[in-house]
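Since the structure comes first, as structure tokens, the remarks are kept for the end.
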Amino acid sequence: MTLGVRVIHRAHPMNRPQMNLFADIRALVLTNLAAMVEAGQLPDGLATDNVTVEPPRDAAHGDMATNAAMVLAKPAKMKPRDIAEMLSTRLAEDERITSAEVAGPGFLNLRLDSSVWHGVVAAALRAGTDYGRSDLGAGKKVNVEYVSANPTGPLHVGHTRGAVFGDALASLLDFAGHDVTREYYINDGGAQVDVLARSVYLRYLEAHGQEVAFEDGTYPGDYLIGVGEALKAKVGDAFVDKGEQFWLAEVREFATEAMMDLIREDLAALGVEMDVFYSEKSLYGTGRIEAALDDLRGKGLIYEGVLEPPKGKKPEDWEPREQTLFKSTDHGDDVDRPVMKSDGAWTYFAPDIAYHYDKVQRGFDALIDVFGADHGGYVKRMKAAVSALSEGAVPLDIKLTQLVKLFKHGQEFKMSKRAGTFVTLRDVVDEVGPDVTRFMMLTRKNDAMFDFDLDAALEQSKENPVFYVQYAHARVTSVMRKASEAGFDLPHERLADADLSGLTDPAELAVAAKIAEWPRLVETAARTNEPHRIAFYLYELAQVFHALWNRGNDDPTLRFLQDSEEASMPKIALASACAVVIAAGLGILGVKPAEELR
RNA sequence: GGACCGUUAGCUCAGCUGGAUAGAGCGCUGCCCUCCGAAGGCAGAGGCCAGAGGUUCGAAUCCUCUACGGUCCGCCA
């Protein structure tokens with residue numbers, strides 16, 4: 001920003017920036033409740049946490065509704081409608097509120113002066129794509145771990161959903177004021193990377209002209225052919241016909257690196273960028289697993305014991321064995337979990353504990369793990385571990401992403417890891433592009449199964465939510481282009497300061513009201529860790545926008561572009577504010593807003 | 001045997017952590033372009049929120065049980 005005297009606009013009193021209208025009105029309600037206590041109309045010491053101010057489901061109920069009277073009735077030992085009446089006369093005195101009616105069991109329905117909506121539009125334009133940013137997470141460091149696929153091959157569709165979900169969640173939390181770290185845990189310490197190494201070794205022999213057979217327990221996928229050749233280029237024939245002890249460690253290293261390069265490329269194709277790649281291997285032989293377990297041991301949570309066999313399962317090869325166990329039942333788990341096998345090696349759970357111990361020690365205030373649904377069985381033990389390690393101070397939320405089924409031409413794409421054929425992230429992105437992939441993946445709750453129809457995702461119609469939202473944005477761009485061609489000069493700053501009193505039609509105010517919901521929606525989405533809410537909101541915003549647009553067909557005064565610059569200004573301000581919110585929302589989802597559609 | 005997730009219109013899905021007459025898209029019926037992109041919009045029909053109990057002023061939402069579908073259950077990651 002340049003130095004100098006800034007012109008301070010003496011804004012219209014109603015045009016002051018309102019970053020969250022619902023929060024403002026809720027504050028107003030609380031103030032008046034306090035005044036009622038002061039005046040002896042309400043008893044002192046009532047909890048107001050549950051008082052909400054929200055958009056009513058039915059537009060006929062006004063612009064906002066508060067449940068204050070109903071929430072307070074019981075503790076105040078008063079009738080809800082009596083409280084509502086008193087509150088209503090007070091609220092009606094505020095200049096922003098044109099009416100406050102008691103309705104139903106004790107709701108208070110508020111109607112707002114249209115200048116309030118004008119203020120919302122101005123605020124959105126002033127803040128630009130920062131409109132709706134929240135300080136909800138101010139001062140909170142959050143770690144979001146997602147994807148974390150084994151480095152044994154390219155990412156497949158299931159990973160794609162986790163990648164999109166985790167990435168959008170991270171952006172959402174960032175938008176809500178958190179200090180976010182995006183993290184990927186590389187499972188490079190277990191037996192599966194040995195399998196990878198052996199598989200690459202076979203491809204390596206193949207590159208040397210040998211006939212090889214891929215037995216069970218090896219990865220037969222084509223994607224390792226190049227790695228085998230690369231290995232040959234690097235070491236020549238040094239490993240040919242040698243025992244594992246000569247090559248396993250080196251090939252494992254080489255192959256893991258190659259797979260991580262592959263995965264990083266896959267993520268880049270989707271537009272996902274991690275802050276941290278954390279290696280499981282780095283936990284071994286460095287005392288870090290031991291340190292984490294010592295911490296638990298110090299809390300009396302590690303013991304030697306024998307687990308009961310799981311009931312209902314055939315205990316054919318079950319033998320009672322003494323193992324080192326973590327007393328996870330003390331922290332909400334159903335059974336205690338082994339951290340060391342009977343042969344003295346760590347279970348997979350041990351490095352997981354150490355990894356989360358490390359996250360806790362890095363000072364995060366909250367942890368989020370995004371797992372595939374097939375890892376649902378580990379939720380309780382991981383939560384137990386973090387609870388124990390942090391002594392309950394660091395919450396761990398684990399979001400499971402359900403299965404994705406891909407359809408094309410009405411047929412399901414099947415995947416089979418055994419045969420080495422599976423639908424990869426790359427297949428999907430190549431087919432429909434990263435933007436469509438990302439948006440579509442967020443049109444379902446994370447814990448609901450998702451049938452992804454690739455044909456529908458490319459369709460240019462209302463059926464396709466990506467298109468529908470992009471279309472709204474493109475229409476605004478089109479208006480701006482036309483305005484510019486007409487010689488109008490309407491930058492956001494000018495629009496924000498414009499007299500918006502010309503916006504009076506219900507269709508126009510509906511768009512403004514939707515825009516007013518944005519900051520509130522961001523907060524609920526962030527609080528619940530549910531980025532899909534953003535996608536659904538954008539669809540709704542596009543909906544009211546398209547409705548207004550079409551009203552312009554019948555009623556020329558509702559068109560965005562009017563004859564004069566002055567007359568166009570409030571209309572275009574509204575359209576621009578709408579575009580700003582769409583751009584901000586798409587930004588969170590990692591989707592580029594479209595300037596035009598073809 | 002147990003744990004976790006799901007079950008809402010004919011189909012695909014939302015439902016803002018307990019609020020009013022439960023919403024959207026597709027499909028179905030009827031309308032709207034001499035007009036900023038109709039790639040859109042408006043209106044209508046369509047529901048025992050899987051079922052049964054419970055909690056309270058109030059339940060699709062919270063608790064218990066049941067049914068169906070999915071994922072998983074010590075020495076595999």
Side-chain angles (χ1 to χ4, degrees), chain A residues 50 52 54-58 60-61 65 67 70-71 73-74 79-80 103-107 109 150 152 187 189-193 195 280 306-313 317-321 323 325 333-335 337-338 340-343 345 347-349 351-352 372-380 400 402-403 443-445 447-451 453 456 459-465 467-468 471-472 474-475 478-479 481-483 517 520-521 523-525 527-528 530 532-533 536-537 539-540 543 546-556 559-562 568 571 575 596-598:
Chain A
N50 293 328
T52 61
E54 44 190 18
R57 201 169 276 165
D58 189 341
H61 292 143
N67 63 356
M70 289 182 292
V71 170
K74 198 173 189 181
K79 288 181 185 165
F107 281 102
N109 290 334
N150 290 339
T152 54
N187 288 102
Q192 80 284 3
V193 286
V195 174
E280 174 193 358
V306 180
L307 287 175
E308 293 290 312
K311 286 177 184 169
K313 260 198 120 191
D317 58 346
W318 174 274
E319 284 174 43
R321 297 255 167 95
Q323 304 171 91
L325 300 168
D333 203 357
D334 304 313
V335 288
R337 307 291 177 175
M340 193 183 273
K341 303 179 204 169
S342 47
D343 67 359
T347 64
Y348 64 88
F349 188 38
D352 281 348
D374 54 340
H375 286 64
Y378 308 108
V379 170
K380 283 192 180 179
L400 300 178
Q402 265 291 353
L403 204 73
T443 55
R444 293 288 183 285
K445 276 186 300 206
D447 50 8
M449 283 193 291
F450 179 32
D451 290 345
D453 184 336
E459 209 163 295
Q460 306 247 314
S461 77
K462 187 172 184 176
E463 204 171 342
N464 179 352
F467 164 78
Y468 189 70
Y471 185 31
R475 273 179 154 174
S478 167
V479 168
R481 196 171 51 239
K482 286 269 177 5
E517 284 181 36
R520 182 172 175 276
L521 182 109
E523 293 197 345
T524 22
R527 236 192 302 268
T528 52
E530 292 180 340
H532 76 274
R533 290 177 191 273
F536 282 92
Y537 168 84
Y539 189 85
E540 290 167 13
Q543 209 160 28
H546 288 307
L548 170 59
W549 180 286
N550 273 81
R551 287 290 313 284
N553 290 340
D554 303 325
D555 183 352
R559 293 178 197 165
F560 294 104
L561 211 52
Q562 300 288 322
S568 301
K571 316 283 189 187
E596 63 179 333
L597 300 169
R598 278 174 300 119

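Chain identifiers are assigned alphabetically (A, B, ...) following the order of the sequence lines, protein sequences preceding nucleic acid strands; residue numbering begins at 1 within each chain.
- At a cut-off of 3.5 angstrom, counting only N and O atoms as typed in the model, there is no donor on one side facing an acceptor on the other between the side-chain of Arg475(A) and the base of rC36(B).
- Within 4.0 Å of Thr528(A), counting heavy atoms only, lies at least one base atom of the nucleic acid.
- When the C1' atom is compared between rG2(B) and rG74(B), the two are found 15 Å apart, to the nearest whole Å.
- In the set rC36(B), rG41(B), rA3(B), the nucleotide with an atom closest to the side chain of Asp334(A) is rA3(B).
- Of the candidate nucleotides rG40(B), rC13(B), rA24(B), rC13(B) has the atom nearest to the side chain of Arg444(A).
- Listed nucleotides rG25(B), rC75(B), rG40(B) differ in distance to Asn553(A); the shortest reach to its side chain belongs to rG40(B).
- Using atom C1' as the reference point in both rU56(B) and rG51(B), the two lie 22 Å apart (nearest Å).
- You'll find that the side chain of Ala547(A) is closest to rG41(B), out of rC32(B), rC36(B), rG41(B).
- As judged by a 4.0 angstrom heavy-atom cut-off over every strand, Arg533(A) is placed among residues touching the sugar-phosphate backbone only.
- In this structure the side chain of Asn464(A) never reaches within 4.5 angstrom of the side chain of Tyr471(A), judged on heavy atoms.
- For the pair Leu307(A) CG and rC75(B) C1', the interatomic distance rounds to 11 Å; values are reported in whole Å.
- Nucleic acid contact for Ser461(A): sugar-phosphate only, since backbone atoms but no base atoms lie under 4.0 Å from a heavy atom of the residue.
- At the heavy-atom level, Glu517(A) lies nowhere under 4.0 Å from the strands shown.
- Base pairing analysis places rG44(B) opposite rC28(B); the two distances defining the Watson-Crick or G-U wobble pair are each below 3.5 Å.
- Note: CG (Leu597(A)) to P (rA38(B)) measures 12 Å, nearest angstrom.
- For Arg321(A) against rC75(B), a side-chain N or O and a base N or O form a donor-acceptor pair under 3.5 Å.
- Among the protein residues, Glu540(A) comes within range of no part of the nucleic acid, since none of its heavy atoms lies under 4.0 Å from any strand.
- Rounded to an integer number of Å, the gap from Asp343(A) CG to rC75(B) P is 11 Å.
- Using a 4.0 Å heavy-atom distance criterion, Tyr539(A) is classed as a sugar-phosphate-only contact.
- Side-chain proximity of Asn550(A) to rA20(B), rC16(B), rG41(B): nearest is rG41(B).
- Taking 4.0 angstrom as the limit, Lys571(A) places none of its side-chain polar atoms (N or O) nearer than this to OP1 or OP2 of rC36(B).
- If you measure from atom NZ of Lys341(A) to atom C1' of rG74(B), you get 11 Å, rounded to the nearest angstrom.
- Asn67(A) places a side-chain N or O within 3.5 Å of a backbone atom of Thr52(A) that can act as its donor or acceptor partner.
- Judged by closest nucleotide on RNA chain B, Ala448(A) is the one of Pro56(A) and Ala448(A) placed further toward the 5' end.
- Minimum atom distance to the side chain of Phe536(A) is reached by rA14(B), of the listed rC36(B), rA14(B), rU17(B).
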- Could you check Thr528(A) against Arg533(A) for side chain to side chain contact (heavy atoms under 4.5 Å, CB included), going step by step and ending with a plain yes or no? CA-CA 10 Å; Thr528(A) 52; Arg533(A) 290 177 191 273; 3.5 Å; yes
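- As rounded to the nearest Å, rU8(B) and rG46(B) have C1' atoms that lie 14 Å from one another.
- Note: Lys462(A) NZ to Tyr468(A) OH = 4.0 Å, rounded to the nearest 0.5 Å.
- Counting only heavy atoms from C-beta outward, the side chains of Lys571(A) and Val479(A) never approach each other to under 4.5 Å.
- Rounded to an integer number of Å, the gap from Lys462(A) NZ to rC13(B) P is 19 Å.
- Using a 4.0 Å heavy-atom criterion, one finds that His532(A) contacts the sugar-phosphate atoms exclusively.
- Between the side chain of Ser342(A) and the main chain of Gln323(A), no donor-acceptor pair closer than 3.5 Å is present.
- Under the Watson-Crick or G-U wobble criterion, with both distances below 3.5 Å, rA9(B) is left unpaired in every strand shown.
- Nearest nucleotide to the side chain of Arg520(A), out of rG25(B), rA20(B), rC16(B): rC16(B).
- Under 3.5 Å, the side chain of Tyr468(A) and the base of rC26(B) form no donor-acceptor pair of N or O atoms.
- Residue contacts for Pro338(A): at a heavy-atom cut-off of 4.0 Å it reaches the sugar-phosphate backbone alone, with no base atom in range.
- Base engagement by Ser478(A) is indicated by at least one non-hydrogen atom pair under 4.0 Å involving a base atom.
- Here, rG10(B) and rC16(B) have their C1' atoms 28 Å apart, quoted to the whole Å.
- Note on Lys380(A): every side-chain N or O is 4.0 Å or more away from OP1 and OP2 of rC72(B).
- Closest to the side chain of His546(A), from the set rG41(B), rU71(B), rC36(B), is rG41(B).
- Atom CD of Gln543(A) is separated from atom CG of Leu548(A) by 13.5 Å, given to the nearest 0.5 angstrom.
- Atom-to-atom, CD of Gln460(A) to P of rG25(B) comes out at 19 Å; the value is rounded to the nearest Å.
- A donor-acceptor contact shorter than 3.5 Å links the side chain of Gln562(A) to the backbone of Pro556(A).
- Between Lys445(A) and Phe536(A) there is no side-chain heavy-atom pair separated by less than 4.5 Å.
- Going from the C1' atom of rA20(B) to that of rG54(B) covers 24 Å, rounded to whole Å.
- Contact check for Leu400(A) versus Asp447(A): no side-chain heavy atoms found under the 4.5 Å cut-off.
- Distance from the side chain of Glu280(A) is smallest for rA77(B) among the nucleotides rA77(B), rC75(B), rA20(B).
- Contact annotation: side chain of Tyr378(A) to base of rA3(B), donor-acceptor pair absent below 3.5 Å.
- With values rounded to the nearest 0.5 angstrom, Met340(A) atom CE is found 14.0 Å from Phe349(A) atom CZ.
- One C1' atom belongs to rG47(B), the other to rA3(B), and the distance between them is 33 Å to the nearest Å.
- With a 3.5 Å ceiling on both atom-pair distances, rG58(B) lacks any Watson-Crick or G-U wobble partner.
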- Item | Per-nucleotide protein contact string for nucleotides 55-69 of chain B, where B marks a base within reach and S marks sugar-phosphate only (heavy atoms under 4.0 Å, - for neither) | -SS--B---------
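- Note on Ala345(A): nothing from the nucleic acid sits closer than 4.0 angstrom, heavy atoms only.
- When each of rC16(B), rC36(B), rC5(B) is scored by its nearest atom to the side-chain atoms of Pro55(A), the top-ranked nucleotide is rC16(B).
- Separation of the C1' atoms belonging to rU21(B) and rC49(B) is 15 Å when rounded to the nearest angstrom.
- Whole-Å rounding puts the Leu548(A) CG to rC42(B) P distance at 11 Å.
- Asp453(A) has its CG atom 17 Å from the P atom of rC11(B), to the nearest Å.
- Across rU7(B) and rC62(B), the matching P atoms stand 11 Å from one another, rounded to whole Å.
- Proximity of Leu325(A) to Leu307(A): side-chain heavy atoms (C-beta onward) are separated by under 4.5 Å at one or more points.
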